[in-house]
Asker: 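Sharing a structure below in structure tokens format, with a few things to ask.
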Amino acid sequence: MTPTPTDRAADLREQLNYHNYRYFVLNDPAISDPEYDALLAELEQIEAEHPELITPDSPTLRAGSDLQPEFRKVRHPRLIGSLSKAFTEDEIRAWRERIGKLLPPDVRLDYTLEPKLDGLSVVLTYEGGLLTLGATRGDGITGDDVTPNVRTIPSVPLRIPVHPDGPRPPARLVVRGEVFYPLAAFARLNEAQRAADLPEFINPRNAASGALKNKDPRETARRPLKVFVYSIVDVDGEVPPTQWDQLQFLKALGFLEPAEMARFDDLEALIAVIPEWTARRPRLDYEIDGLVIKVNDLRLWEELGVVGNKNPRAAIAYKFPAEEATTKLLDVKFSIGRTGVLKPGGVLEPVFVGGTTITNVMLHNFDQIAEKDIRIGDTVIVKRAGDVIPYIEGPVPEERDGSERVVEVPAMCPFSGDPVIRPEGMVDYFCSNPYCPERVFRSLEFFASRGALDIEGLGTQTVKQLMDAGLVRDEADIFSLTLDDLLPLERFARKKAENLLAGIEAARHRPLDRVLTALGIEGVGEIMAGTLAGHFGSIETLARATVDDLLQIEGVGPTIAEGIVAWFAEPFHQQLIAKLKAAGVRLEAEQGAPVAVGDSLAGKTFVLTGTLPTLSREEAAALIKAHGGKVAGSVSKKTDYVLAGENAGSKLTKAEELGVPVIDEAGLRQMIESA
DNA sequence: CACCCTCGAGTTCC
DNA sequence: CTCGAGGGTG
């Protein structure tokens with residue numbers, strides 16, 4: 001007797017989901033591809049005739065369906081945190097010491113070791129065994145709902161159990177995994193892109209990200225993405241109490257996992273296998289940037305808590321040493337900064353390091369170039385510090401053929417032709433002309449930049465354009481620009497000109513400390529400007545201050561005091577101040593501006609790191625200052641609190657080392673309110 | 001005088 | 001993020 005379409009469809013779904021699991025997760029197909037395709041075709045046929053029979057776990061959805069306009073934001077059931085990092089084996093041991101102090105002295109720990117995939121975190125929700133939601137990590141609190149795209153990824157079970165004898169899933173299960181683009185497939189993808197004369201993808205991570213966030217799930221379906229699932233975020237029901245057993249449990253449920261997970265009773269034994277990982281890394285079909293070490297007993301996770309409300313103490317990510325590459329140093333070019341300092345910069349044959357192509361490196365100073373004996377034409381080793389800023393580790397002298405040239409300090413400034421000088425006892429060289437056009441350009445650029453007056457619409461290009469047109473020679477000229485000045489300029493339509501003028505208008509009313517910073521007085525940056533503004537209240541008062549007056553201020557020594565007095569003694573600067581005043585730029589502190597709202601944070605020094613959920617860095621600093629606290633730039637023993645947000649970096653590590661308390665934004669607000 | 005702490009300045013890629 | 005230099009402290 002023939003089954004009803006309803007029964008047949010259910011049967012087909014079950015078979016297809018099982019064979020899909022055999023193929024993509026176990027890599028052990030039980031039927032041939034044509035047989036699979038025949039089953040799929042039959043189900044498609046039934047669904048076409050009876051659309052009401054389409055279920056959320058139907059394998060036909062793997063092909064992707066209609067366009068969806070915007071991704072819905074979804075809130076994660078709990079914070080999807082990140083991990084503190086360790087860069088050396090000793091930092092792993094230090095981590096063990098730190099958590100040891102928080103636990104009873106006789107606790108024996110065991111650990112899991114998992115590869116740290118360089119992909120995208122996703123959060124998958126199963127209700128009654130059915131995949132109901134797939135979301136990106138986002139900021140850890142909310143992410144994008146990319147369910148239709150996630151459904152197209154074959155290694156993600158649409159329904160659990162994946163086969164009739166499989167374990168039953170908890171009533172509700174939220175898991176975390178990593179989406180990645182397998183390397184072999186990535187190589188083929190770029191080959192195809194090249195052949196079609198299309199731009200290549202920079203790295204597998206970008207390709208995976210683009211595919212997962214594609215607005216058309218059918219596009220996503222064409223990409224051979226995979227998802228490794230490695231932890232349980234939230235659950236209604238019984239799950240094993242250790243990380244290791246949860247990994248086995250997830251595997252049994254039908255999730256894909258890297259085969260290389262391991263468990264260790266001894267941290268030293270774990271550390272001992274790190275070199276094996278370094279060796280194994282190039283042979284894997286996915287990119288990893290480190291290893292994740294977790295305390296196996298999940299009941300201890302609660303006890304160990306989180307740092308900065310973000311990073312669980314019970315786990316740490318060991319990051320592989322900065323990736324390095326060799327390339328040729330083609331040339332050394334020179335730049336002049338706003339202070340007149342001459343900096344050498346290396347031009348490299350483009351080289352791919354740590355996920356991006358590097359063509360320029362900063363060479364800090366000439367002493368260092370000489371010490372490392374870096375020559376133009378050399379083959380050099382390039383690394384990226386903290387995975388961001390590239391630098392030249394050193395030359396490979398064996399590669400030399402005799403054509404290399406030693407880097408000479410230029411005798412003349414490449415921009416103004418004036419002599420280059422090196423002040424007594426200084427490492428840096430300077431252009432001797434204080435009005436060197438490049439230096440003036442850099443000063444103006446800085447004047448308008450964020451951090452200084454923050455003039456919207458006035459970036460590097462525009463500054464250059466206005467200088468070339470002869471409209472702006474000094475900082476004050478900016479304030480006399482008119483619509484008639486701007487409209488004749490290239491690429492200046494009415495809208496853009498109006499925006500710039502509005503930006504300039506807004507800059508007339510910046511706080512005094514911003515103006516002081518913007519002037520570029522030697523030794524006066526953001527912090528010192530704030531101190532001086534608070535102390536003197538106006539530029540005119542500051543201009544009349546003597547060296548002795550200035551020396552009374554904490555943080556001001558003879559060098560800075562004399563520098564300030566000398567700056568205001570310069571007739572050109574006096575004229576500049578007069579022009580700024582005439583142009584309506586506020587040169588006094590706001591009436592009662594720095595009013596303290598409270599003193600709940602008095603005497604406390606804070607250091608900010610990472611991105612906070614609602615406050616910007618500036619807002620957070622302002623909030624702290626308004627309540628009597630101080631904000632410093634780096635963590636030391638004198639730091640009272642480190643205010644950490646998303647993507648907190650080395651400062652957080654430092655805080656942990658020094659035992660400085662770490663708080664988050666909510667913690668800060670609490671300190672303020674409870675006082 | 002030797003140290004540590006802070007600040008300032010310049011810069012990579014996208 | 002890094003370096004160099006100024007300022008302050010023991």
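All chains are named by letter (A, B, ...) in the order of the sequence lines, taking the proteins before the strands, and each is independently numbered beginning at 1. Values below: all heavy atoms of this structure, side chains included; hydrogens, waters and symmetry mates excluded.
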Asker: Can you confirm if the NZ or CZ of A:Lys116 lies within 45° of the ring axis of A:Tyr318 and under 6.0 Å from the centre of its six-membered ring?
Answerer: no
Asker: Using a cut-off of less than 4.0 Å, is there contact between a side-chain N or O of A:Thr359 and OP1 or OP2 of B:dT12?
Answerer: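 Negative; the distance criterion is not met.
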Asker: Can you tell me if the side-chain N/O atoms of A:Thr339 get under 4.0 Å from OP1 or OP2 in B:dG8?
Answerer: no
Asker: Just compare B:dG8, C:dG6, C:dA5 and give me whichever is closest to any side-chain atom of A:Met528.
Answerer: B:dG8
Asker: Give the rounded distance in Å between these two atoms: CZ of A:Phe446 and C1' of B:dG8.
Answerer: 9 Å
Asker: Identify, between A:Gly523 and A:Asn360, the residue whose nearest nucleotide on DNA chain B lies closer to the 5' end.
Answerer: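 Counting from the 5' end, the first nearest nucleotide belongs to A:Gly523.
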Asker: Any donor-acceptor pair under 3.5 Å linking the side chain of A:Arg375 with the backbone of A:Arg405?
Answerer: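 No.
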Asker: A:Gln368 has an atom CD; how far is it from atom P of C:dG4, in whole Å?
Answerer: 6 Å
Asker: Could you give the CD-to-P distance, from A:Glu522 to C:dA5, as a whole number of Å?
Answerer: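 Roughly 12 Å, once rounded to whole Å.
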Asker: Where the side chain of A:Ile527 is defined as all heavy atoms beyond and including C-beta, which of B:dC7, C:dC3, B:dT12 is the nearest nucleotide?
Answerer: B:dC7
Asker: Whole angstrom is fine here: how far is it from NZ in A:Lys383 over to C1' in B:dC13?
Answerer: 19 Å
Asker: Would you tell me if any nitrogen or oxygen in the side chain of A:Asn365 comes within less than 4.0 Å of OP1 or OP2 on C:dC3?
Answerer: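 Answer no for this pair, as no side-chain N or O of A:Asn365 is under 4.0 Å from OP1 or OP2.
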Asker: Hey, is the side chain of A:Ser335 poking within less than 4.0 Å of OP1 or OP2 on B:dG10, counting only N and O atoms?
Answerer: no
Asker: Determine whether the side chains of A:Thr517 and A:Glu526 contain a donor N or O and an acceptor N or O closer than 3.5 Å.
Answerer: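 Side chains of A:Thr517 and A:Glu526: no pair found under 3.5 Å.
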Asker: Just to verify, what does A:Asp513 make a salt bridge (charged side-chain N to carboxylate O under 4.0 Å, His left out) with, not counting sequence neighbours?
Answerer: none
Asker: Once you round it to whole Å, what is the distance between C1' of B:dG8 and CG of A:Asp513?
Answerer: 16 Å
Asker: What's the closest nucleotide to the side chain of A:Thr559 if the choices are C:dG7, B:dG8, C:dA5?
Answerer: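 Nucleotide nearest to A:Thr559's side chain: C:dG7.
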Asker: Rounded to the nearest angstrom, tell me the gap between atom CE in A:Met426 and atom P in C:dA5.
Answerer: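 For the pair A:Met426 CE and C:dA5 P, the rounded distance is 7 Å.
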Asker: When you get a sec, tell me which of B:dT11, B:dG8, C:dG7 is the closest nucleotide to the side chain of A:Ile560?
Answerer: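 The answer is C:dG7.
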Asker: Taking the side chain from A:Gln574 and the backbone from A:Phe568, do they hold a donor-acceptor pair closer than 3.5 Å?
Answerer: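 Confirmed, A:Gln574 side chain pairs with A:Phe568 backbone.
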Asker: Got more than 12 heavy atoms from elsewhere within 6.0 Å of CZ, A:Arg473?
Answerer: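 At most 12 heavy atoms, drawn from other residues, nucleotides or ligands, come within 6.0 Å of this atom.
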Asker: Using atom types as modelled and distance alone, determine if a side-chain donor or acceptor of A:Asn365 lies under 3.5 Å from a backbone N or O of A:Asp367.
Answerer: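 Here the side-chain-to-backbone pair exists.
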Asker: To the nearest Å, give me how far apart CG (A:Asp428) and C1' (C:dC3) are.
Answerer: 9 Å
Asker: Without decimals, in angstroms, what is the distance between A:Ile358 CD1 and B:dT11 C1'?
Answerer: 12 Å
Asker: Below 3.5 Å is the cut-off: list the nitrogen or oxygen pairs between protein and nucleotides 8-10 of chain C, distance only.
Answerer:
residue: C:dG8; atom: OP1; partner: A:Gly555; partner atom: N; Å: 2.8

